[in-house]
There are 2 protein chains.
Amino acid sequence: MIKEEILTIFEEKGIKPSYQRIKIFSYIAEKKKHPSVEEIYEGLHKKIPTLSKTTIYNTLKLFVSKKLLSEILIEEDGVRYDYLEKPHLHFKCKICGKIYDIYKKCSIINCKKIDGHKIEEHHIYLIGICKNCLNKNG
Amino acid sequence: MIKEEILTIFEEKGIKPSYQRIKIFSYIAEKKKHPSVEEIYEGLHKKIPTLSKTTIYNTLKLFVSKKLLSEILIEEDGVRYDYLEKPHLHFKCKICGKIYDIYKKCSIINCKKIDGHKIEEHHIYLIGICKNCLNKNG
DNA sequence: TTTCGTGCAAAGCATTTGCAAGTAG
DNA sequence: CTACTTGCAAATGCTTTGCACGAAA
């Protein structure tokens with residue numbers, strides 16, 4: 001994602017574009033990974049040696065509050081972050097630990113009301129063995 | 001749930017029935033709530049003043065490993081525990097914080113394979129405003 | 001006697017807070 | 001100048017670990 005795109009997205013959401021914020025957002029959106037705070041830190045502190053975890057925490061909190069990212073709470077190995085481009089599900093492999101995006105339609109995703117409760121967010125987590133690990137082990 | 005039922009369930013799962021384990025399981029299964037460690041502690045230490053959080057942690061870990069309970073990771077206010085009776089979804093109200101069980105069919109729940117990945121567990125979390133809070137506030 | 005469960009105290013670790021210094025407009 | 005951002009250090013709080021005592025078989 002080029003810098004201009006990021007600046008546009010930030011402006012739409014009312015986020016002031018600091019160097020750190022651009023790099024952190026870029027890291028999450030570009031890699032299509034679902035990094036933890038630790039991974040973002042490890043991935044960026046070579047380029048930005050002064051980057052602190054506090055700044056990463058602050059920035060992620062800001063992005064989540066502005067609905068730019070969502071938090072993924074899949075199993076207990078900490079919070080992961082996800083760029084909210086299109087609605088999708090998450091699949092986590094219990095062998096390699098990788099998290100995959102799944103773009104499949106599901107009746108629940110379009111559901112706005114259930115048992116009288118108003119639904120505003122859906123988080124669908126699938127856990128199992130990914131195709132790579134299935135091939136390796138069988 | 002009567003004590004004999006719990007003893008039968010424990011035996012099936014290979015769990016030795018101590019006084020604390022029975023009380024902790026009973027607390028979770030009976031109330032149909034989704035308590036946190038703190039709530040279990042607060043709820044039981046009147047009756048069992050010596051009960052320690054270490055024992056609660058040990059016990060919950062055991063129950064999860066024996067597939068008697070599952071962990072609910074919905075938003076960030078810590079792990080909640082859920083008795084695995086029938087498959088169901090969870091809805092959390094962002095106003096009152098209550099977690100509801102939802103017994104609705106969903107295509108994802110019956111799905112055993114997706115994009116080549118083998119699915120073994122599903123965790124579906126819905127977040128919004130529950131019917132009680134909708135009535136109070138509108 | 002031997003194994004297992006319990007629970008206190010201490011340690012571990014991710015996250016948050018306080019605050020001082022730096023930066024941008 | 002003024003408001004916001006950054007990042008170090010310390011604090012917080014949940015969870016785990018080490019260990020000794022006690023109960024059960």
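We name chains A, B, ... by the order of the sequence lines, and we start the count at 1 in each one. Below, all heavy atoms of this structure are taken into account, side chains as well, without hydrogens, waters or symmetry copies.
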Problem - Strand-adjacent residues in residues 2-10 of chain A, judged by heavy atoms under 4.0 Å from DNA chain C - result: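 Under 4.0 Å from DNA chain C: no residue of residues 2-10 of chain A.
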Can you sort out which residues in residues 44-57 of chain A have a heavy atom within less than 4.0 Å of DNA chain C? Ascending by number, please.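 Contacting residues: T54(A), Y57(A).
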Rounded to whole Å, the CD-P distance (E42(A) to dA14(C)) equals 12 Å
Original post:
Would L126(B) end up clustered with I74(B) when hydrophobic side chains under 4.5 Å apart are linked, directly or stepwise?
Top reply: no
Double-helix bend of the helix from dT1(C)-dA25(D) to dG25(C)-dC1(D), axes at both ends from 5 pairs, round to 10°, gives 20°
Check this for me, if you would: do [X] and [Y] make a salt bridge, where the nitrogen-to-carboxylate-oxygen distance has to be below 4.0 angstrom?
X: E11(A); Y: K13(A); result: no
X: K118(A); Y: E120(A); result: yes
X: E75(A); Y: K92(A); result: yes

Contact check, residues 66-75 of chain B vs DNA chain D, heavy-atom distance under 4.0 Å, returns none
**Asked** Taking E39(A) for the side chain and S36(A) for the main chain, is one N or O donor matched with an acceptor at less than 3.5 Å?
**Response** yes
**Request:** Examine distances only and state if a side-chain atom of H88(B) and a backbone atom of I102(B) form a donor-acceptor pair shorter than 3.5 Å.
**Result:**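 No, because the side chain of H88(B) does not come within donor-acceptor range (under 3.5 Å) of the backbone of I102(B).
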Quick tally for nucleotides 20-25 of chain D: nucleotides whose base has a protein heavy atom under 4.0 Å get B, sugar-phosphate-only ones S, the rest -, giving ------
- Side-chain N or O of S18(A) less than 4.0 angstrom from OP1 or OP2 on dT6(D)? yes
In H34(B), H122(B), H123(B), the residue satisfying ring-ring contact (aromatic ring centres under 6.0 Å, His included) with H90(B) is H34(B)
Query - Sole candidate of Y27(A), Y83(A), Y57(A), F10(A) that passes ring-ring contact (aromatic ring centres under 6.0 Å, His included) when paired with F63(A) - result: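 Filter result, single survivor: F10(A).
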- Message: Categorize Q20(B) for me: base, sugar-phosphate, or nothing, with a 4.0 angstrom heavy-atom threshold over every strand shown.
- Response: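 Sugar-phosphate contact only.
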Considering only heavy atoms from C-beta outward, does the side chain of K113(B) approach that of I119(B) to under 4.5 Å?
no
Checking dC4(C), dT15(D), dT17(D) against the side chain of K16(B) (C-beta onward), the nearest is dC4(C)
Pull out every protein N or O sitting under 3.5 Å from an N or O of nucleotides 23-25 of chain C, one pair per line with the distance.
none

From S26(B) atom OG to R21(B) atom CZ, the distance as rounded to the nearest 0.5 Å
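Result: 15.5 Å between the selected atoms.
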